[in-house]
Protein chains: 4
Amino acid sequence: MNFESNLPIYIQIMNLIKTKIVSGELKRGDKLPSVRELSKELKVNPNTIQRAYQELEREEFVYTQRGMGTFVTENTDTIQNVKKSMATGLIDQFFSEMKNLGFKNDEIKEMVSHWLAKEE
Amino acid sequence: MNFESNLPIYIQIMNLIKTKIVSGELKRGDKLPSVRELSKELKVNPNTIQRAYQELEREEFVYTQRGMGTFVTENTDTIQNVKKSMATGLIDQFFSEMKNLGFKNDEIKEMVSHWLAKEE
Amino acid sequence: MNFESNLPIYIQIMNLIKTKIVSGELKRGDKLPSVRELSKELKVNPNTIQRAYQELEREEFVYTQRGMGTFVTENTDTIQNVKKSMATGLIDQFFSEMKNLGFKNDEIKEMVSHWLAKEE
Amino acid sequence: MNFESNLPIYIQIMNLIKTKIVSGELKRGDKLPSVRELSKELKVNPNTIQRAYQELEREEFVYTQRGMGTFVTENTDTIQNVKKSMATGLIDQFFSEMKNLGFKNDEIKEMVSHWLAKEE
DNA sequence: GTGGTCTAGACCACA
DNA sequence: GTGGTCTAGACCACC
């Protein structure tokens with residue numbers, strides 16, 4: 001776990017797992033490590049792991065069964081929907097903030113292209 | 001001012017002023033409202049305004065003259081630089097979060113194009 | 001069986017069977033599936049089925065004969081009583097939660113009528 | 001606080017506050033007691049109060065400002081919407097469970113009327 | 001063994 | 001003073 005980030009640890013853990021789910025490393029129905037297990041592995045308090053799992057459940061990325069464990073949601077649609085809605089949220093926010101700074105669509109487009117070109 | 005946002009109020013105020021400067025509403029050398037004035041207008045604790053002005057000064061957006069008030073920096077380069085750095089900051093953040101969700105460059109490009117098309 | 005529900009699995013199984021009995025799908029004296037059988041069918045730990053059957057027996061819904069299996073109670077009164085008590089339980093719960101939300105009797109009545117009208 | 005209930009304490013606290021909001025005892029924009037304050041009053045751990053406040057914020061009944069406190073949402077529409085959607089949820093659930101037990105619309109209607117008559 | 005709740009007590013950022 | 005996060009450690013219901 002990267003404690004250097006100023007993000008709360010439970011958010012970092014959520015991102016860790018979201019990425020694994022969305023990228024397919026964790027498939028639907030897969031069992032996540034138990035709270036205590038992950039707690040030991042990441043050297044983080046069990047409550048913090050639990051907090052992360054709870055929030056992930058709230059966002060419908062996972063579901064839990066008492067006494068059984070926590071599992072990746074069976075509903076792949078949910079994953080796709082959440083993924084999509086998070087994406088449009090990010091895009092909307094991005095554009096609105098860019099426009100707030102006084103950029104026009106053309107300029108934004110150009111900057112995005114530039115960023116992508118640099119990436120390759 | 002949306003006080004229901006999760007962002008600290010002093011950050012929200014900073015963004016408010018930055019946007020005004022970068023978009024040209026506030027020009028170089030213009031006097032900002034006094035701490036007390038803005039405090040009343042936004043119904044916010046003066047300490048909070050003070051904090052926002054301090055941070056803005058640290059970022060060289062504004063400078064203060066004892067007894068005179070706080071002014072937008074005379075240095076237009078600074079403004080342009082900051083505008084650019086804020087933009088690249090937004091872009092970097094946007095891309096890193098999109099990738100965190102598991103999107104590839106192509107997909108992001110497509111979504112951005114789609115958003116721009118819809119705009120017209 | 002919706003294992004994503006928050007209810008304990010053994011309760012979900014109890015409700016499953018209760019509903020079958022009360023609705024008449026399982027008649028008095030009918031044999032329930034064996035613990036092992038149901039365990040396989042629902043892909044649930046046998047202990048959990050056992051627990052459900054135990055509780056059902058405690059509530060006099062079923063009785064067990066060593067070596068023979070578990071059977072729906074012969075006593076139709078019991079079934080009718082339980083049906084009635086489950087119903088009043090549901091109603092009580094429903095009203096208490098509606099009132100908890102701040103609705104008055106009249107409003108609740110109106111909403112129920114509305115629901116029934118829509119049904120036809 | 002009624003510790004006799006088997007509901008988690010933080011849920012009981014949520015219901016307490018929801019009722020106050022929905023019934024109008026707490027008006028929009030009103031400040032809730034601080035976490036520590038309510039903690040003392042109810043003789044409950046501050047974390048438990050915080051949990052309740054967090055969930056209430058997630059359900060958009062309240063919003064919080066760091067360092068300022070927790071407030072009833074300004075948006076009365078939200079309150080009404082949440083109230084309404086919770087109500088239809090309860091009604092749907094109620095009818096589906098009654099039907100599961102084998103009751104017909106007429107019977108349900110009769111039982112509801114009976115309950116209401118008894119109330120007066 | 002699993003997750004869920006609760007307490008006690010600490011530290012932090014913010015107003 | 002306010003809420004937000006984290007740790008440590010306990011107890012419970014469930015599987």
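Throughout, a chain's letter reflects where its sequence line sits, starting with A, and its residues are numbered from 1.
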Using a cut-off of strictly less than 4.0 Å, decide whether [X] has a side-chain nitrogen or oxygen near OP1 or OP2 of [N].
{"X": "D:Gln50", "N": "F:dG4", "answer": "yes"}
{"X": "A:Thr48", "N": "F:dC6", "answer": "no"}
{"X": "A:Thr64", "N": "E:dG3", "answer": "no"}
{"X": "D:Ser34", "N": "F:dG1", "answer": "no"}

d([atom1], [X]; [atom2], [N]) in whole Å:
{"X": "D:Gln12", "N": "E:dC6", "atom1": "CD", "atom2": "P", "value": "8 Å"}
{"X": "C:Leu42", "N": "F:dC15", "atom1": "CG", "atom2": "C1'", "value": "15 Å"}
{"X": "B:Lys43", "N": "E:dA15", "atom1": "NZ", "atom2": "P", "value": "18 Å"}
{"X": "D:Leu7", "N": "F:dC12", "atom1": "CG", "atom2": "P", "value": "18 Å"}
{"X": "A:Lys40", "N": "F:dG9", "atom1": "NZ", "atom2": "P", "value": "14 Å"}
{"X": "D:Leu56", "N": "F:dG3", "atom1": "CG", "atom2": "P", "value": "13 Å"}
{"X": "A:Ile49", "N": "E:dT2", "atom1": "CD1", "atom2": "P", "value": "13 Å"}
{"X": "A:Glu55", "N": "F:dG4", "atom1": "CD", "atom2": "P", "value": "12 Å"}

Exercise for the section: May I have all residue pairs that pass ring pair (Phe, Tyr, Trp, His ring centres under 6.0 Å) and include part of residues 44-71 of chain B, sequence neighbours excluded? Expected result: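 Pairs touching residues 44-71 of chain B that pass the test: B:Tyr63-B:Phe71.
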
Handout entry: Contacts of C:Phe95 that satisfy ring pair (Phe, Tyr, Trp, His ring centres under 6.0 Å) - sequence neighbours left out
Key =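 In terms of ring pair (Phe, Tyr, Trp, His ring centres under 6.0 Å), with neighbours along the sequence ignored, C:Phe95 is linked to D:Trp115.
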
Handout entry: Any residue meeting ring pair (Phe, Tyr, Trp, His ring centres under 6.0 Å) with C:Phe94, in chain and number order, not counting sequence neighbours
Key =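 With neighbours one apart ignored, the set is D:Phe94.
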
Problem - Donor-acceptor contact present, side-chain D:Thr64 to main-chain D:Gly69, <3.5 Å - result: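 No, because the side chain of D:Thr64 does not come within donor-acceptor range (under 3.5 Å) of the backbone of D:Gly69.
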
Problem - Proximal nucleotide (of E:dG4, F:dT2, F:dA8) relative to the D:Glu37 side chain - result: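 Of the candidates, F:dT2 comes closest.
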
Fill in the blank from the handout: In short, salt bridge (Lys or Arg N to Asp or Glu O under 4.0 Å) pairs touching residues 60-72 of chain A with sequence neighbours left out are none

Handout entry: salt bridge (Lys or Arg N to Asp or Glu O under 4.0 Å) partners of residues 11-20 of chain D, not counting sequence neighbours, each pair once
Key = D:Lys18-D:Glu59

Distances for protein N or O near nucleotides 10-14 of chain E N or O, under 3.5 Å:
{"from": "E:dC14", "atom 1": "OP2", "to": "B:Arg51", "atom 2": "NH2", "distance (Å)": "3.3"}

Exercise for the section: Only counting residues at least two apart or in another chain, list the ones meeting salt bridge (charged side-chain N to carboxylate O under 4.0 Å, His left out) with B:Lys84. Expected result: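 Applying salt bridge (charged side-chain N to carboxylate O under 4.0 Å, His left out) to B:Lys84 gives none.
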
Problem - Residues forming a salt bridge (charged side-chain N to carboxylate O under 4.0 Å, His left out) with D:Arg28, sequence neighbours excluded - result: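 Counting only residues at least two positions away or on another chain, D:Arg28 forms a salt bridge (charged side-chain N to carboxylate O under 4.0 Å, His left out) with D:Glu74.
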
Completion exercise
DNA chain F in dot-bracket form (Watson-Crick or G-U pairs under 3.5 Å, [ ] crossing, | inter-strand) is ||||||||||||||.

Handout entry: Atom NZ of B:Lys40 with >12 non-hydrogen neighbours under 6.0 angstrom
Key = no

